[in-house]
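First up is the structure itself, then whatever we jot down about it.
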Amino acid sequence: MAVESDAEKTEPASQKRIDQAREEGDVPRSRELATFAVLMAAGAGLWISGGGIMKSLNTAMVSGLALTREQVYNPDVLLRRVGSDIADVLITCLPVAFAVMIVALAAPLMIGGFLFSAKSFMPNFNKLNPARGLANMVSKNSLVELLKAIAKTIVVGAVAYLVVMSQKDAVLGLAVESVGMGSAHVMKLLGSAFLFIVGGLGFIAAIDAPYQIWHYADKMKMTRQEMIQEHKESDGNPQMKGKIRQMQREMSRRRMMGNVPTADVVVTNPTHYAVALKYADGQGGAPRVVAKGADEVAAKIREIAKENGVAMLEAPALARALHQHTEIDDEIPEQLYAAVAEVLAYVFQLRSYKKAGGRYPDRPTKLAVPRELDPHDPLFKSKFSKTSSTDKPDTNNGDTP
């Protein structure tokens, strides 16, 4: 069952899949809506300019039947006369033809928008596959097209029958009208019948347009496996991204370890935490954290500091507070200024003692570390328990600066 569910297209199409389909010329289209719009434009054009068209046709017919002696015996004159009559008729029909052409070009764009794809012109030999053709003949889409054809036949037939029956007396009365009046009346009857029938097709188009949008969205749906694969292709393989992050952490750790020899002092827990501090005298600002870590990283910091003669001081509360509330290259918090100043004073006195001798400096033992900054202090824990999970302090191992 799990395999079957994975193969079902239950996920909506991603934007990437839709864009790929558009590149291949696959967008939702409603032929019924386009047909309705074109026929409606043609009917409206005939309704508006039908009188002028009939007048132009009548003039051309009279001109074609009334021949002069010169036209009878001179074919060139006759051809020019016929060409002039045809040109007059075409000019009269030109506005209607132009309107129909504009609507024919714009109607398909009402669903799917404008699209030009060169891939649509490429030959697709899969369309010549007989098996695929037979499958399309018995597909759900073929059934829908059959139902639409039946519905159009019923609607058009019913509307045509109602229109003819409602105008039966007018049609029979054409026999007693003059040619001019009869011609105008015929155009009016044909125009009204045309518009009613096209209005019936509008009912089909109103159903087909939403269906085509839904059918396209359903056709473009993806399986869960396709979604996962697409995310892998777009965002990269998670395993590869994990390796990249690991490499970045290693590079950051190496850079951090390279800063340890430049530190003034390394404050330790003594075993769990180690924070290296550097004070740039004369440049202003507070001392900065150049390296920090916990457990194995802390041990590596202590090892490098020992190898390079960097002073180390065991101050558990201060080490925990610095590790908890600072990041690499951050200045120390203002609440720890006094404690760090006392540590740096001890370090500088120790350097002076090693160079010039004298009295050995006293190691600071009671540093002024606020209780609310020490992660092991009950006051910090009670304060932290009132905060939300999103405000949880960082407790990483110092792998990333």
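This is a predicted model, so every value here is computed, not measured. In what follows, every heavy atom counts, from backbone to side chain, and hydrogens, waters and symmetry copies are set aside.
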Quick check: do [X] and [Y] have side-chain heavy atoms less than 4.5 Å from each other?
{"X": "I328", "Y": "R255", "value": "no"}
{"X": "V297", "Y": "K300", "value": "no"}
{"X": "L336", "Y": "L318", "value": "yes"}
{"X": "V100", "Y": "V38", "value": "yes"}
{"X": "V265", "Y": "M312", "value": "no"}

* **Residues, nucleotides or ligands: over 12 heavy atoms within 6.0 Å of Y216 OH** =>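 Yes, the 6.0 Å shell around OH holds more than 12 heavy atoms from other groups.
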* To do: Check whether more than 12 heavy atoms from other residues, nucleotides or ligands sit under 6.0 Å from atom CZ of R31, and answer yes or no.
  =>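 Incorrect, the count does not exceed 12.
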Distance (rounded to the nearest 0.5 Å) between [X] [atom1] and [Y] [atom2]:
{"X": "T268", "Y": "I301", "atom1": "OG1", "atom2": "CD1", "result": "11.0 Å"}
{"X": "L201", "Y": "L39", "atom1": "CG", "atom2": "CG", "result": "6.5 Å"}
{"X": "M40", "Y": "L33", "atom1": "CE", "atom2": "CG", "result": "12.5 Å"}
{"X": "R351", "Y": "D264", "atom1": "CZ", "atom2": "CG", "result": "4.5 Å"}
{"X": "K278", "Y": "D329", "atom1": "NZ", "atom2": "CG", "result": "12.0 Å"}
{"X": "L322", "Y": "K292", "atom1": "CG", "atom2": "NZ", "result": "9.5 Å"}

Tell me, please, which residues at least two apart from [X] pass salt bridge (Lys or Arg N to Asp or Glu O under 4.0 Å).
{"X": "R288", "answer": "E331"}
{"X": "E32", "answer": "K148, K152"}
{"X": "R363", "answer": "none"}

* Asked: Quick one: salt bridge (charged side-chain N to carboxylate O under 4.0 Å, His left out) pairs with a partner in residues 90-109, sequence neighbours left out?
  ->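 Passing the test, one end in residues 90-109: no pairs.
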With a cut-off of 3.5 Å and sequence neighbours excluded, list every side-chain donor-acceptor pair involving residues 154-169.
unit_1: S166; atom_1: OG; unit_2: L162; atom_2: O; d: 3.1
unit_1: S166; atom_1: OG; unit_2: V163; atom_2: O; d: 2.8
unit_1: Q167; atom_1: NE2; unit_2: S192; atom_2: OG; d: 3.1

With [X] via side-chain hydrogen bond (donor to acceptor under 3.5 Å, both in side chains) - residues at least two apart:
{"X": "Q335", "result": "none"}
{"X": "N269", "result": "R320"}
{"X": "S30", "result": "D208"}

* Which residue pairs pass the side chain to side chain donor-acceptor pair (under 3.5 Å) test when at least one of the two sits in residues 301-315, sequence neighbours left out? ->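 As it turns out, there is no side chain to side chain donor-acceptor pair (under 3.5 Å) pair with a partner in residues 301-315 once direct neighbours are skipped.
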* **Pair listing, side chain to side chain donor-acceptor pair (under 3.5 Å) test, anchored in residues 193-203, at least two apart** =>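 Output for this query is empty, none listed.
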Please name the pair of heavy atoms, one in [X] and one in [Y], separated by the smallest distance, quoted to 0.1 Å.
{"X": "A339", "Y": "A368", "answer": "CB-O, 3.7 Å"}
{"X": "T326", "Y": "I332", "answer": "CG2-CA, 4.3 Å"}
{"X": "A205", "Y": "P210", "answer": "O-CD, 4.4 Å"}
{"X": "A42", "Y": "F194", "answer": "C-CE2, 4.4 Å"}
{"X": "P364", "Y": "Y346", "answer": "CD-CG, 3.5 Å"}
{"X": "V310", "Y": "P261", "answer": "CG2-O, 3.8 Å"}

* What residues form a ring-ring contact (aromatic ring centres under 6.0 Å, His included) with Y353, not counting sequence neighbours? ->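 Testing Y353 for ring-ring contact (aromatic ring centres under 6.0 Å, His included), a comparison that skips the adjacent residues, returns Y360.
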* Asked: Does H215 have any ring-ring contact (aromatic ring centres under 6.0 Å, His included) partners at least two apart in sequence or in another chain, and if so, which?
  ->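 H215 satisfies ring-ring contact (aromatic ring centres under 6.0 Å, His included) with Y211 only.
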* State whether the side chain of H325 and the backbone N or O of L373 hold a donor-acceptor pair below 3.5 Å, judged by distance alone. =>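 Here the side-chain-to-backbone pair exists.
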* Give the C-alpha distance, both sets of side-chain angles, the deciding distance and a yes or no for side chain to side chain contact (heavy atoms under 4.5 Å, CB included) between L367 and V343. => CA-CA 8 Å; L367 299 174; V343 171; 3.8 Å; yes
* How far apart are the C-alpha atoms of V289 and L277, what are their side-chain angles, what is the distance that settles it, and do they pass the side chain to side chain contact (heavy atoms under 4.5 Å, CB included) test? -> CA-CA 5 Å; V289 175; L277 301 176; 3.7 Å; yes
